[in-house]
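The basis for the numbers below is simple: all heavy atoms, side chains too, and nothing from hydrogens, waters or symmetry mates.
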Amino acid sequence: MQAPRFFPTVIITFIGLAGAAMLVADLRKSEPVPAALDPRALALTPHRGSEPIDAQIIAAQQRALGTSDLRSLEKLGWLFVQKARLSHDPGYYKLAEQSALAIETAQPDQPDALLLRGHVAAAMHRFREAEAIARRLVAQREFVLDHALLGDALMEQGRVDEAVDAYQKMADLKPCLQAYTRIAHVRWLKGDLEGAIEAAEEAAGTGTGRDPEPLAWALTRLASYRLQNGEPALAKTAVNGALARLPRYAAALLLRGRLRLAQEDPAAALDDLREAARLNPLPDYQWTLADALRAAGKTEEAAEVEAQLEARGAVEDPRTFALYLATRGQRAEESLRLARQELTERQDSFTYDALAWACLAAGRTEEAQGYSRQALAEGTRDARLHLHAGLISTALGAPDAAAQLSAAHSARQTLLPSERAALDQALRKPLSQK
């Protein structure tokens with residue numbers, strides 16, 4: 001069978017390299033891609049950069065230009081995914097999507113292109129679309145990453161038991177780092193912290209230096225479980241292992257900063273947190289940095305970071321920004337709107353928690369309690385979830401307030417300094433006031 005032929009890169013010759021570069025830049029602004037544009041041309045717009053991943057992308061583009069083999073575009077798409085994960089620039093996910101669409105233009109319903117497009121949909125929080133693609137894939141073949149995609153899409157929609165079935169199928173097909181990290185997350189979500197640590201250790205043990213980013217992620221997750229379990233020394237070993245493999249890995253730098261915050265030494269955490277927020281300027285990173293700066297007495301720098309967060313937070317990460325606004329007692333109605341909007345896409349424990357917390361900030365206390373109960377329904381042992389539940393119950397005079405605050409206190413080392421202060425203040429109140 002003759003390999004399909006692609007049309008030449010008309011868009012580049014028509015508008016020139018500078019114009020094509022501007023279009024690629026627009027992809028990184030979360031703008032929709034005009035339907036009339038040639039996806040292959042967008043994917044092959046000349047790439048620049050000095051990191052090793054950039055050299056791989058440039059080489060892959062050159063190979064794709066010189067062949068009609070669809071596998072070269074698929075390889076390019078996954079390199080864009082890797083670039084997105086390393087650079088925290090979501091525009092590269094859109095370029096990966098263009099790579100997939102280019103393949104499907106030549107060969108509709110090509111499974112590997114569908115998987116790539118489904119992965120992008122999940123990364124861009126289009127979870128129902130990702131689920132639909134995953135179900136098409138698992139109906140036609142047995143491939144471990146198809147079940148991973150299905151499980152991830154279901155998990156984010158709060159359908160945990162269905163996600164577990166997908167992850168079990170994944171593990172049955174191929175016990176690997178990707179399977180073990182998901183098993184660890186499910187166990188943690190279900191309140192089995194010790195089981196999560198065991199699975200995360202299995203994940204780290206199956207990683208290789210050939211692909212350091214997944215291994216660094218597994219070690220960072222292991223460190224977070226160790227921190228929650230009150231094992232800071234073991235957490236430090238794990239996170240340093242992640243940074244030994246990727247020294248500029250933002251998630252690991254954030255976690256190492258959180259470890260130093262747990263020791264109530266915010267000044268010592270600042271270097272790591274500044275670098276993490278520089279590499280990945282998303283709300284979670286900026287909020288953590290701003291909180292540490294305020295705890296260290298650097299209020300002017302904290303205000304600058306908060307201004308950046310407040311300028312882009314609603315677009316970059318609506319759920320975390322809703323939590324931030326509610327925690328700071330700012331713009332309660334916007335916090336509530338953002339949290340409700342997130343619930344239309346994600347129905348997991350943490351979205352219910354964000355909505356519960358936003359409801360409390362907006363004075364909707366009874367509504368807040370209902371959402372808080374849904375946030376805790378899986379049995380997750382998370383200090384922030386329990387802190388919010390405890391403060392909501394305190395506001396209502398509910399009998400479970402003390403138990404929820406005690407559960408938050410048992411893992412207080414995972415809270416931000418301002419959250420620990422709020423917890424301590426609540427615990428100091430006489431029982432008659434709770």
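- For the residue pair Glu306 and Trp287, no side-chain donor N or O sits within less than 3.5 Å of a side-chain acceptor on the partner.
- For the residue pair Ser418 / Asp291, a side-chain donor-acceptor distance below 3.5 Å is found, with atom types taken as modelled.
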Take Asp400 and Ser393 through the test side chain to side chain donor-acceptor pair (under 3.5 Å) and record every step on the way to the result.
CA-CA 7 Å; Asp400 69 331; Ser393 291; 2.7 Å; yes
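- With contacts defined as side-chain heavy-atom distances shorter than 4.5 Å, the pair Leu254/Leu273 qualifies.
- Using a 4.0 Å cut-off between charged side-chain N and carboxylate O, Glu162 and Arg135 make a salt bridge.
- Under the rule for a side-chain contact (heavy atoms from CB on, under 4.5 Å), the partners of Ala314 that lie at least two apart in sequence or sit in another chain are Phe321, Glu334, Leu338.
- Exactly one residue among Arg248, Arg258, Arg260, Arg278 makes a salt bridge (charged side-chain N to carboxylate O under 4.0 Å, His left out) with Asp272. That residue is Arg260.
- A salt bridge between Asp112 and Arg71 is absent, with no side-chain N of the basic residue lying under 4.0 Å from a carboxylate O of the acidic one.
- Minimum interatomic distance between Gly241 and Arg245 (heavy atoms only, all atoms of both residues): O-NH1, 2.8 Å.
- Two residues are said to be in side-chain contact when any heavy atoms from C-beta on lie closer than 4.5 Å; Leu115 and Glu74 fail this criterion.
- Put simply, the side chain of Leu173 reaches to within 4.5 Å of the side chain of Glu142, judged on heavy atoms.
- Here Glu194 does not pair with Arg187 in a salt bridge; the nearest charged N to carboxylate O distance is not below 4.0 Å.
- By the salt bridge (charged side-chain N to carboxylate O under 4.0 Å, His left out) test, Arg412 is found to be paired with Glu264, Asp424, residues two or more places apart in sequence or in another chain being considered.
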Would Gln404 and Leu385 count as a side chain to side chain contact (heavy atoms under 4.5 Å, CB included) here? Give the steps.
CA-CA 9 Å; Gln404 295 294 350; Leu385 295 187; over 6 Å; no
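- In summary, the side chains of Thr351 and Asp348 do present a donor paired with an acceptor at a separation below 3.5 Å, with no hydrogens or angles considered.
- Side-chain contact check for Thr105 versus Pro39: some heavy-atom pair is nearer than 4.5 Å.
- Of the options Glu97, Glu104, Gln110, a side chain to side chain donor-acceptor pair (under 3.5 Å) to Arg117 is made by Glu104 and by none of the others.
- Distance alone, capped at 3.5 Å, places no donor-acceptor pair between the Glu51 side chain and the Ile53 backbone.
- At a threshold of 4.0 Å, the pair Asp38-Arg40 does not count as salt-bridged, since none of the basic side-chain nitrogens sits closer than that to a carboxylate oxygen.
- Under a 3.5 Å cut-off, the side chain of Ser87 and the backbone N or O of Asp89 do form a donor-acceptor pair.
- Contact of the Leu405 side chain with the Thr394 side chain is registered, since non-hydrogen atoms from C-beta on lie closer than 4.5 Å.
- Under the ring-ring contact (aromatic ring centres under 6.0 Å, His included) criterion, the residue pairs touching residues 359-390 are Trp357-His388, with sequence neighbours excluded.
- With contacts defined as side-chain heavy-atom distances shorter than 4.5 Å, the pair Leu259/Gln413 does not qualify.
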Stepwise side chain to side chain donor-acceptor pair (under 3.5 Å) test for Tyr167 and Asp152:
CA-CA 9 Å; Tyr167 292 154; Asp152 293 348; 2.5 Å; yes
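- In this structure, Lys94 and Val120 have side chains that are not in contact, with every pair of non-hydrogen atoms separated by 4.5 Å or more.
- The main-chain N or O of Gln369 is never found under 3.5 Å from a side-chain atom of Ser372 such that the two would form a donor-acceptor pair.
- Contact detail for Ala368 and Leu360: the closest heavy-atom pair is CB-N, 3.7 Å.
- At least one donor-acceptor pair closer than 3.5 Å links the side chain of Arg182 to the backbone N or O of Gln178.
- Ring geometry, Tyr92 versus Phe80: the interplanar angle falls under 30°, so the pair is classed parallel (tilted spans 30 to 60°).
- Counting only N and O atoms by type, the side chains of Glu231 and Tyr225 include no donor and acceptor under 3.5 Å apart.
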Do Leu336 and Glu333 pass the side chain to side chain contact (heavy atoms under 4.5 Å, CB included) test, and can you show the C-alpha distance, the side-chain angles, and the key distance before you say yes or no?
CA-CA 5 Å; Leu336 186 58; Glu333 289 303 319; 4.1 Å; yes
Go through the steps for Asp353 and Arg384 under the test salt bridge (Lys or Arg N to Asp or Glu O under 4.0 Å), then give the verdict.
CA-CA 9 Å; Asp353 174 63; Arg384 180 176 282 171; 5.9 Å; no
Would you sort out whether Tyr180 and Glu201 count as a side chain to side chain donor-acceptor pair (under 3.5 Å), showing the intermediate values?
CA-CA 9 Å; Tyr180 286 126; Glu201 287 179 329; over 6 Å; no
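- The pair Asp54-Lys83 meets the salt-bridge criterion, with a side-chain N (NZ, NE, NH1 or NH2) lying under 4.0 Å from an Asp/Glu carboxylate O.
- Looking only at distances, a side-chain donor or acceptor of Gln347 sits under 3.5 Å from a matching main-chain atom of Leu343.
- The number of heavy atoms from other shown groups lying within 6.0 Å of NE2 (His88) is above 12.
- A salt bridge links Arg340 to Glu367: at least one charged side-chain nitrogen sits closer than 4.0 Å to a carboxylate oxygen.
- Using modelled atom types and a 3.5 Å distance limit, the side chains of Gln82 and Glu213 yield no donor-acceptor pair.
- Under 4.0 Å is where a charged nitrogen must lie from a carboxylate oxygen, and between Arg126 and Glu345 no such pair does.
- Using a cut-off of 4.0 Å between Lys/Arg side-chain N and Asp/Glu carboxylate O, Arg346 and Glu156 are scored as salt-bridged.
- For Lys190, the NZ atom sits in a packed shell: over 12 heavy atoms of surrounding residues, nucleotides or ligands are nearer than 6.0 Å.
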